[in-house]
2 protein chains.
Amino acid sequence: MSTSLRIEVNCRLYLRDPQETELGRRLIAESVRLIDEIGLEQFTFRKLAQRMQSTEASLYRYFENKHRLLGYLVSWYWAWLRFQIRFHTHNVPAAARRLRLILEILTRAHRDDPTTTELDEAALYRIVVRESSKAYLTHEVDEDNQAGLFREYKYLVADIARVVQELSPAYAYPHALISTVVEAAQKQLFFARHLPSLTDTSPDATEQCIYCFLEGLLFGALHPPEPA
Amino acid sequence: MSTSLRIEVNCRLYLRDPQETELGRRLIAESVRLIDEIGLEQFTFRKLAQRMQSTEASLYRYFENKHRLLGYLVSWYWAWLRFQIRFHTHNVPAAARRLRLILEILTRAHRDDPTTTELDEAALYRIVVRESSKAYLTHEVDEDNQAGLFREYKYLVADIARVVQELSPAYAYPHALISTVVEAAQKQLFFARHLPSLTDTSPDATEQCIYCFLEGLLFGALHPPEPA
DNA sequence: CTTACATGAAAGTAATACTATCAACGGCAA
DNA sequence: TTGCCGTTGATAGTATTACTTTCATGTAAG
């Protein structure tokens, strides 16, 4: 039935793999919609259970708490994005061209994609934009990091940073540059929607504006003005 | 007694101005320390009251909830930073030089400063780094924005963007560039401390590395390579 | 057939996020 | 001095959150 590719995330994010059961898959699909609707702070397993016609206890068998569920969702997204990037750039020889393709994917990653179904991609992307940084901006970062909960994000940054290194081997900050660009892609979209004075996008071409802004940022950093 | 400058923030952030009473000032000072220690999620007014030898009810007379308190603290920080920037750049004619000074302030803003006392600046800066984006990454952004709760941040970005515009009037994304740089200054510091594979800083010169990275980013964007 | 296991149902606990009431104190005004 | 106001403290109370526990039931696999 489901021919969609299987995205794997760190198993320490869940107690039981939600991909393996019908209830688990519904949990994921419905939680994406509910978190998108009411926000992470208002989201509870009780509300999710009610909406799914299931029970709190059942859901707690999949995830320790909602924070881990968030970690799962965003990790899943990073892994999916990484797959998208590999897929769309695997036979592009020029690093500069590959980098531009990646930037395009980063800035319009919320469009629905036929390979993965059952999931509201647009809602998931809104969750990534609004909530993903809360996965690591906690007092427990170091333990969570030790447990490998952020590795999908690290892999993504490392993959893209490698393209930067190929293009500009002398550039000293490839990881910082890419983590900045990835975060900015989300933040600028959020600002465009909610705090427009923090950005400079035209309302009817937000994504293109963000793309152009980030392209200038990225390639500007890699080809600096001659030190006079 | 207190000769320190008075930082004003949007009065809708609080129910009663905490600067005006002894209890209010203790509230601020102690909450900075406690949030820094245990993180925003674990922080409650009950714990703060216990630590201050006061009561929950008294503290709720100053702030509606801990989210507003966070908003107050980070707004205070942005206002303070803006003052620092004005103070240190007010008689520097060259926009490029002013921009570099601002970048320096942004990347070492957590050093203690003699003009403001009573407050643990280093702890406040750690709070800004870890928690500030949670002030606006909520489901209620739009209402909070309507109420003007983010105006200090907007003012700061607008101020710096004006310098960018002076330096490069043709550049199309001054606000996006500055909001990106301001956020990156914090994020890269957080990454350096907790998720070092997302950055490229040497452990003994983190701030300098971040400064150099951001300088390249900022001026690279403003002086793009000639379109061949 | 029975066993293992996933789920549902129900209840319970500790903590959180508040709100309400009232008494005590201190300052100031008549 | 008396009387009032406003701030704080003390106590209690409520609804919700974030879980955990126990047990019954249905179902799928051996």
Side-chain angles (χ1 to χ4, degrees), chain A residues 1 11-31 34-35 37-73 131 134-135 138-140 143-144 149, chain B residues 1 11-31 34-35 37-73 131 134-135 138-140 143-144 149:
Chain A
M1 170 85 149
C11 64
R12 299 179 72 168
L13 281 162
Y14 49 79
L15 300 171
R16 163 172 307 163
D17 188 346
Q19 307 261 41
E20 299 218 320
T21 67
E22 184 55 32
L23 185 69
R25 286 183 292 267
R26 284 209 299 137
L27 193 173
I28 299 301
E30 287 292 328
S31 66
L34 189 54
I35 295 174
E37 274 177 38
I38 66 178
L40 184 68
E41 327 295 320
Q42 299 305 314
F43 171 87
T44 69
F45 277 6
R46 180 180 299 267
K47 289 174 187 167
L48 179 59
Q50 277 166 5
R51 182 163 167 144
M52 290 173 62
Q53 312 266 52
S54 178
T55 63
E56 243 180 312
S58 298
L59 304 187
Y60 273 110
R61 286 172 187 127
Y62 285 86
F63 291 98
E64 230 174 295
N65 51 53
K66 72 174 173 184
H67 194 256
R68 287 290 155 97
L69 170 60
L70 174 68
Y72 180 92
L73 295 176
E131 321 283 6
K134 296 173 191 168
T138 70
H139 199 248
E140 301 80 32
E143 297 105 83
D144 288 355
L149 304 195
Chain B
M1 170 85 145
C11 65
R12 298 179 73 167
L13 281 162
Y14 49 78
L15 300 170
R16 162 170 309 165
D17 189 345
Q19 307 260 41
E20 298 218 320
T21 67
E22 184 55 31
L23 185 68
R25 286 184 292 266
R26 285 208 301 134
L27 193 173
I28 298 302
E30 288 292 327
S31 66
L34 188 55
I35 294 174
E37 274 175 40
I38 66 178
L40 184 69
E41 327 295 320
Q42 300 305 314
F43 171 87
T44 68
F45 277 6
R46 181 180 298 266
K47 289 174 187 168
L48 179 60
Q50 275 165 6
R51 182 162 168 147
M52 289 173 62
Q53 313 265 52
S54 177
T55 63
E56 241 180 315
S58 298
L59 305 187
Y60 273 110
R61 286 173 186 127
Y62 285 86
F63 291 98
E64 228 174 295
N65 52 51
K66 70 175 172 183
H67 194 257
R68 288 290 155 99
L69 170 59
L70 174 69
Y72 180 91
L73 294 177
E131 322 283 6
K134 296 173 191 170
T138 71
H139 199 248
E140 300 81 34
E143 296 105 86
D144 288 356
L149 304 194

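In what follows, chains carry the letters A, B, and so on, assigned in the order in which the sequence lines appear, proteins first and then strands, with residues in each chain numbered from 1. Predicted, not measured: the structure shown is a model, and the values here were computed from it. Only this structure's heavy atoms are used, side chains among them; waters, hydrogens and symmetry mates stay out.
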So, do [X] and [Y] sit near enough that their side-chain heavy atoms are less than 4.5 Å apart?
X	Y	result
A:Asp144	A:Arg68	yes
B:Met52	B:Leu59	yes
B:His67	B:Thr138	yes

Assign each of A:Ala57 and A:Lys47 to its nearest nucleotide of DNA chain D by heavy atoms, then name whichever residue's nucleotide is nearer the 5' end.
A:Lys47

Within this structure, what is the CG-CZ distance for the pair A:Leu70 and A:Phe43, rounded to the nearest 0.5 Å?
9.5 Å

Between CG on residue B:Asn65 and OG1 on residue B:Thr44, distance to nearest 0.5 Å:
12.5 Å

Of A:Arg26 and B:Glu64, the one whose closest nucleotide on DNA chain C sits nearer the 5' end is A:Arg26

Nucleotide interval of DNA chain C bounded by contacts with chain B (heavy-atom cut-off, under 4.0 Å):
C:dT16 to C:dT21

So, A:Lys134 and A:Glu41, do they make that salt bridge, N to O below 4.0 Å?
yes

Taking CZ in A:Arg12 as the centre, count heavy atoms belonging to other residues, nucleotides or ligands within less than 6.0 Å. Is the count above 12?
no

What's [X] touching, base or sugar-phosphate or nothing? Going by heavy atoms closer than 4.0 Å.
X	answer
B:Arg61	base
A:Glu56	base
A:Phe63	nothing

Test item: A:His139 side-chain N/O and B:Glu37 main-chain N/O as donor-acceptor pair under 3.5 Å
yes

Please identify the 5'-most and 3'-most nucleotides of DNA chain D with any atom under 4.0 angstrom from a heavy atom of chain B.
D:dT7 to D:dA10

